[in-house]
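In what follows, chains carry the letters A, B, and so on, assigned in the order in which the sequence lines appear, proteins first and then strands, with residues in each chain numbered from 1.
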Amino acid sequence: MPTSPALTDSTSGRSIVSVSPRVRFAPSPTGALHIGGARTAVYNWAFARATGGTFVLRIDDTDPERSTDENTAQIMRSLRWLGIEWDEGPEVGGDLGPYFQTQRGAHYARALDHMKASGSAYPCFCTPDELAAKRAAARQSDGPSGYDRTCRRLDPNEARARIDAGEPHVWRIAVPLDRPDIVVDDAVRGETAFPSSAMDDFVLARTDGTPTYNFATVVDDVGMRITHVIRGDDHLSNTPRQILVFEALDAPVPRFAHLSMIWGADGKKLSKRHGATSVEAFRDEGYLPEALLNYLALLGWSLDGETTIISRETLASQFSLERISKNPAIFDFDKLEWMNGAYIREMSADALAKRMIPWLAEAGLATEDDFAARPDWYQALVPLVAERAKRMTDIPAMLAFLFGETVAIEPTAADKALATDDARRSLQAALEALGTITKWEHDAIEQTLRDLAVTLEVKPKVVFQAVRVAVTGSTVSPPLFESLALLGKERTIRRIEAAL
RNA sequence: GGCCCGUUCGUCUAGCGGUUAGGACACCGCCCUCUCAAGGCGGAGAUCACGGGUUCGAAUCCCGUACGGGCUACCA
C-alpha cells in the first residue's frame, strides 16, 4: 500500500501537517488536447507554481481502443507550446512513476488486494445481460438505481470456489451500509454532501482485470501523493465514489476543485462547429501561446476583477483556487482575438520579426535565409504590422506587396483611387517627383508627396491613395511612407509606371 | 426516474449584508489621422433567472420554482 508523506488526523483524514501541494493533469490520450483540457492543465500548473508545489503529468491511457501514442505526443507538444512544463511525468521522469496508467498494473493489483483483505471489495459474477435486466427493472421503480448487491450476499466460500473454477467475475466496492453523507470539500463550490445510500457498489476491476476509471484514478492519486485534484466539473458526481475508494485504501482524501465547463456561443458543449477547439488548431490559426494562456486563465478565474492582460509570471505567482468562478463560461473568440492583438503589439521588434518569419515562409514570401541575410529590413517591417495584426496569420497578407517585383491592383481599389483625373495627374506627377529623391527615406518621401499635393492643388489624400493603390494594389495598407521606404525606390517607380 | 452542480450587461467577470452594481471584449459616437489599425475621450447596455422568507437593510443568507448542465457503464 502506498502511503502519504503527510501526517493525517485519524478521524478527519485531513492533513494536519502542511506539505507542499502536488497536483496532476491526467488527460486521456483519446484525442488532441482541446481547450477545456488545456484550461484544466493551466490551472493545475499555475496552482503548483503559485504554491511552490509540484505539477505532475499522468497519461490516463486505460482505454486501449481509443488511446494512441500520437495523441499522447500531441498533448505533450500542446502543453509545451503553451509553456506548461511538468515537474514529473512522461519524458521528465520522477520518483513516483510510471506515469502511464497502462504501466501501473501492479499498483492497481496491490490496491485491490488491500481492499479484498479488508473486505471492502467483493467479486461479482453477474453477467452483463443480468445487469442490464436489473437496471431496466430498477428504472421502473422510484428508488435509486444501481447494482442491487446480489453478489455481495454470496457466501464467501462459494465465491472463492467459483473464482477457483475460473468463472468470469469483476470486483466491486462494498460501499459501507451505515455511512453518513459523503462530503466533498471543494475549493470552488464549498462542501457538498452526497447521500451514501445513492452510491452503488460500482466496479473496481473488470473481468479482464483492468481497473476502471474511478479506481485507477484514486490508486494513482494516492500513489503519486496528490494533495489537490483540480479537474472538470463532469467529475464532481464521481467524487463521492472516489472518496469511498480513498477511505477503503486508508489514504488521505485530497482537496478538490471542480471547474465548470466551457461552452460554445450557443450555450452548447464546445465542439468543432464553433471553430477551433484543439490547442494546435489555435496555434495554426495564428494565436500566440502567451495570449491563449492568458485567455484560458481568465476563462473562469480572475486576478482582481479588473486586470485582463496577465503575464505568465503573474499567473504563476498569483493564481489561487479561491478566485475560480463557479459558472460555466462561454468561449469568446472575439475577446481572444483582441487579446492576441494586444500581445502582438507588446512584443519587441526583434521578437516579432523572428516569430513572423515562419508565417511569411509558409505564405511563400520570405525564407529563413533571407531573414538571416537582412534582419534589419525584417525588423523594420514590424511597426507596419504590429498595431494592425490580430493574429499571426494576418501578417503575410499585410506585407505581401513588399515581396516580389510587381503587384496586382484590386479592380475596386483602382476604381476608387485611380479613376479620376486628379488621381491620374497625381500619379503622373508623383512618378516624376519621386524620381528626383536622392535619399530614399520616410521623411523625404512624405515631404515630396505633400508638396506635390500643394502644387497640383489636390487634397493630400488623393495623392496618397493613388500612390498607395498603385504601389500596394489596395486602398488598405500599412502606413504609406514607411511602406515606400521599405519597398525601395526602383520598385516604387516601376509600380507607378505600371499603374499609369 | 434518482443524486448533485450552476444562473450578475450580448460575452468573460468584480461583488462575499449597506456600492450611483465596477472592469474587460464586442457595439455606438467624438478626437487623432495618408488608408486600415492602434490610441484617447464618451455612450448605450444588468429590475443581479423567478417566487417566497430572514433582516432596519439582500445580487450577497435560507427555502422553493423554472431553465441549463453533470453523474447514475466492466468510458474517461
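Partner assigned to B:A21 is none, using Watson-Crick or G-U wobble distances below 3.5 angstrom. Using N1 to N3 plus N6-O4 or O6-N4 for Watson-Crick, or N1-O2 and O6-N3 for G-U wobble, each under 3.5 Å, B:G45 pairs with nothing. Pair assignment for B:G64 gives B:C50, based on Watson-Crick or G-U wobble hydrogen-bonding distances that are each under 3.5 Å. The base-pairing partner of B:A38, taking Watson-Crick or G-U wobble contacts with both distances under 3.5 Å, does not exist among the strands shown. Nucleotide B:A59 has no partner under the Watson-Crick or G-U criteria, as no pair reaches both atom distances under 3.5 Å. In this structure B:C71 sits in a base pair with B:G2, meeting the Watson-Crick or G-U test at under 3.5 Å.
The existence of a salt bridge linking A:Asp60 and A:Arg104 is excluded, since no basic side-chain nitrogen approaches an acidic carboxylate oxygen closer than 4.0 Å. We find that A:Glu290 and A:Arg355 are joined by a salt bridge, their nearest charged nitrogen and carboxylate oxygen being less than 4.0 Å apart. Using a cutoff of 4.0 Å between basic side-chain nitrogens and carboxylate oxygens, A:Arg152 and A:Asp201 are scored as salt-bridged. Salt bridge annotation for A:Glu337-A:Arg391: present, with a cationic side-chain nitrogen under 4.0 angstrom from a carboxylate oxygen.
In plain terms, the two heavy atoms of A:Ala433 and A:Thr448 that are nearest each other are CB-CG2, 3.6 Å. Residues A:Val184 and A:Phe194 share a closest heavy-atom pair of CG2-CE1, 3.6 Å.
The side chain of A:Ser237 has B:G70 as its nearest neighbour among B:G70, B:G22, B:U13. Distances from the side chain of A:Pro479 to the nucleotides B:G6, B:C34, B:U72 place B:C34 closest. The side chain of A:Asp332 sits closest to B:G10 out of B:G10, B:C74, B:G70. Counting only heavy atoms from C-beta on, A:Arg388 has its side chain closest to B:C36 among B:A76, B:U35, B:C36. For A:Glu306, the listed nucleotide lying nearest its side chain is B:G23; candidates were B:C5, B:G23, B:A76. Counting only heavy atoms from C-beta on, A:Ser302 has its side chain closest to B:U13 among B:C71, B:U13, B:A38. The side chain of A:Ala329 has B:C12 as its nearest neighbour among B:C4, B:U35, B:C12.
The number of heavy atoms from other shown groups lying within 6.0 Å of CG (A:Asp304) is above 12. Annotation for A:Asp421: atom CG does not count as buried by contact number, only 12 or fewer foreign heavy atoms lying within 6.0 Å.
With both ends at atom P, the span from B:G53 to B:A44 equals 35 Å, rounded to whole Å. Between the C1' atoms of B:A76 and B:U20, the separation comes to 50 Å (whole Å). Using atom P as the reference point in both B:A49 and B:U60, the two lie 8 Å apart (nearest Å). If you take atom P in B:U8 and the same atom in B:G68, they sit 15 Å apart, rounded to whole Å. Nucleotides B:U11 and B:G69 have their P atoms positioned 16 Å apart, rounded to a whole Å. Separating the P atom of B:G1 from that of B:A46 is a span of 35 Å, rounded to the nearest Å. Only the P atoms considered, B:A14 is 15 Å distant from B:G22, to the nearest whole Å. Only the C1' atoms considered, B:G18 is 15 Å distant from B:C61, to the nearest whole Å.
Using a 4.0 Å heavy-atom distance criterion, A:Ser325 is classed as a sugar-phosphate-only contact. Counting non-hydrogen atoms under 4.0 angstrom, A:Leu298 reaches the backbone sugars and phosphates but no base. Residue A:Pro460 is classed as having no contact, given no heavy-atom separation below 4.0 Å to the nucleic acid. Contacts of A:Arg189 with the nucleic acid, taken as non-hydrogen atoms under 4.0 Å apart, involve only primed sugar atoms and P, OP1 or OP2. Across all strands, A:Gly300 comes closer than 4.0 Å only to sugar-phosphate atoms, never to a base (heavy-atom distances). As judged by a 4.0 angstrom heavy-atom cut-off over every strand, A:Arg323 is placed among residues touching the sugar-phosphate backbone only. Residue-level contact check: A:Val170 touches the bases, meaning some heavy atom is under 4.0 Å from a base atom. Among the protein residues, A:Glu482 comes within range of the nucleic acid bases, having at least one heavy atom under 4.0 Å from a base atom. If you check every strand for non-hydrogen atoms under 4.0 Å, A:Phe202 touches nothing. At the heavy-atom level, A:Thr307 lies nowhere under 4.0 Å from the strands shown. When heavy atoms are screened at a 4.0 angstrom cut-off, A:His258 is found touching no nucleic acid atom at all.
Between A:Glu387 and A:Asn238, it is A:Glu387 whose nearest contact on RNA chain B lies nearer the 5' terminus. For the pair A:Phe331 and A:Thr210, both in contact range of RNA chain B, the more 5′-proximal nearest nucleotide belongs to A:Phe331.
The side chain of A:Arg450 places an N or O atom within less than 4.0 Å of a non-bridging phosphate oxygen (OP1 or OP2) of B:C34. For the OP1/OP2 pair of B:C74 and a distance below 4.0 Å, the side-chain nitrogens and oxygens of A:Thr212 include no atom meeting the criterion. Under 4.0 angstrom from either OP1 or OP2 of B:A38 there lies at least one side-chain N or O belonging to A:Lys390.
Atoms CG (A:Asp186) and C1' (B:G70) sit 13 Å apart, rounded to a whole Å. Distance, A:Trp263 CH2 to B:C12 C1': 14 Å, rounded to whole Å. If you measure from atom CD1 of A:Ile309 to atom P of B:G23, you get 17 Å, rounded to the nearest angstrom. Atom CG in A:Asn327 sits roughly 13 Å away from atom C1' in B:A59 (whole-Å rounding). For A:Ile173 and B:A73, the CD1 to C1' distance is 16 Å, given to the nearest whole Å. Taking atom CD1 of residue A:Ile330 and atom P of nucleotide B:C12, one finds them 5 Å apart after rounding to whole Å. A:Arg391 has its CZ atom 16 Å from the C1' atom of B:A37, to the nearest Å. As a whole-Å value, the separation of A:Arg241 CZ from B:A73 C1' is 10 Å.
Residues A:Tyr147 and A:Phe202 place their aromatic rings such that the two centres sit no closer than 6.0 Å. With ring centers used as reference points, A:Tyr213 lies under 6.0 Å from A:His235. In summary, the aromatic rings of A:Phe464 and A:Phe481 are positioned with their centroids under 6.0 Å apart. Annotation: A:Phe331 is in aromatic contact with A:Phe333 [ring centroid separation under 6.0 Å].
Heavy-atom distances under 4.0 Å link RNA chain B to A:Ser28 of residues 24-39 of chain A, given in residue order. A heavy-atom distance below 4.0 Å to RNA chain B is reached by these residues of residues 334-343 of chain A, ordered by number: A:Asp334, A:Lys335, A:Trp338.
Between A:Trp171 and A:His169, the ring planes are perpendicular. Angles over 60° get that label, and only those under 30° would be called parallel.
In this model, a side-chain donor or acceptor of A:Thr207 finds a partner on the base of B:C74 within 3.5 Å.
In terms of modelled atom types and a separation under 3.5 Å, the side chain of A:Gln103 and the main chain of A:Phe100 share no donor-acceptor contact.
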